[in-house]
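Below is a structure I'd like to ask you about.
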Amino acid sequence: MASRAGGDGKEPINEQVVANTYANMRTEMNQLYTKITELEMEVSEHSLVIGAIEPLDPTRRCYRMIGGVLVERTIKEVLPAVHRNKEGLEEVVSRMKEALEKKKKEITEFELKYKIRIRKGDGNAEEDVTMKEASAQGVLVGPAGGSRA
């Protein structure tokens, strides 16, 4: 019977398993958000590079980092590669956005199935969550000077 709580596609059997599954799903969704943001920044950097070198003379020398090695090339050799890399990144971002939408839908269905609601009311609870998040990020948070009466 204990195998029913495992990841074999069966129904979670108690509240703790449901809560852990939900937390894992939320973590996966946050990781997708983070990775998408990271890749969008790279796409933006590629656009900046393309915008900077496109108007220049194609025979002009430029340098490109390939596998940690700085290589001297001409703009006419580098520009197509930068365009290909940018297009590849954009394709990956679009696939990751699709995966994110699928994960959001999965989380919504899970919330409906197990009647999960996120509580946002008690000011002290929000403060505790903020302090936990801050400590999880390696930031020390203490009480503000004299704020407790």
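We use all heavy atoms of the structure for the numbers below, so side chains are in, but hydrogens, waters and symmetry mates are not. In this chain, residues are counted from 1 in sequence order.
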Legend entry - Side-chain heavy atoms of Val92 within contact of Met96, under 4.5 Å: yes

Inset, instruction - Measure the shortest side-chain to side-chain distance between Leu100 and Ile36 over non-hydrogen atoms and say whether it is less than 4.5 angstrom. - result: yes

Legend entry - Lys/Arg-Asp/Glu bridge criterion (N-O < 4.0 Å) met for Arg95, Glu91: yes

Inset, instruction - With rounding to the nearest 0.5 Å, note down the distance linking CG in Asn85 to CZ in Arg64. - result: 5.5 Å

Inset, instruction - Could you tell me the separation between the NZ atom of Lys76 and the CG atom of Leu56, rounded to the nearest 0.5 Å? - result: 15.0 Å

Inset, instruction - Group every Ile, Leu, Val, Met, Phe, Trp and Tyr by side-chain heavy-atom contacts under 4.5 Å, then state whether Val49 and Val43 land in the same group. - result: no

Inset, instruction - Return yes if some donor-acceptor pair links the side-chain N/O of Glu77 with the main-chain N/O of Thr74 below 3.5 Å, else return no. - result: yes

Legend entry - Full working for side-chain contact (heavy atoms from CB on, under 4.5 Å) between Met25 and Phe110: CA-CA 9 Å; Met25 293 169 78; Phe110 194 82; 3.9 Å; yes

Legend entry - Under-4.0 Å salt bridge between Glu40 and Lys35: no

Inset, instruction - Kindly give the heavy-atom pair with the smallest separation between Ile75 and Pro80, and that separation in Å. - result: O-CD, 4.4 Å

Legend entry - Carboxylate-amine/guanidinium contact Glu106 Lys103, below 4.0 Å: yes

Legend entry - Atom pair NZ/CD of Lys113 and Glu109 - distance to nearest 0.5 Å: 9.5 Å

Inset, instruction - First locate atom NE2 of His46, then atom CZ of Arg84, and finally report the distance between them rounded to the nearest 0.5 Å. - result: 11.0 Å

Legend entry - Ser44 side, atom OG; Leu89 side, atom CG - distance, nearest 0.5 Å: 11.5 Å

Legend entry - Connected via hydrophobic side-chain network under 4.5 Å: Met41 and Tyr33: no

Inset, instruction - Please tell me if the side chains of Glu111 and Tyr22 come closer than 4.5 Å, counting only heavy atoms from C-beta onward. - result: yes

Legend entry - Salt bridge flag under 4.0 Å for residues Glu101 and Lys104: yes

Legend entry - Donor + acceptor pair across side chains of Gln16, Asn20 (<3.5 Å): yes

Legend entry - Contact check, side chains of Met29 and Ile107, non-hydrogen atoms, under 4.5 Å: yes

Legend entry - Side chain to side chain, Leu79 and Ile53, heavy atoms closer than 4.5 Å: yes

Legend entry - Flag side-chain contact, heavy atom, 4.5 Å: Thr21 against Val17: yes

Inset, instruction - Flag yes if more than 12 heavy atoms outside Glu15 fall under 6.0 Å of its CD atom; otherwise flag no. - result: no

Inset, instruction - Flag the pair Tyr63 / Met65 as yes when at least one side-chain heavy-atom distance between them is below 4.5 Å, and no otherwise. - result: no

Legend entry - Reported NZ-to-OG distance for the pair Lys86 and Ser47, which is rounded to 0.5 angstrom: 3.5 Å

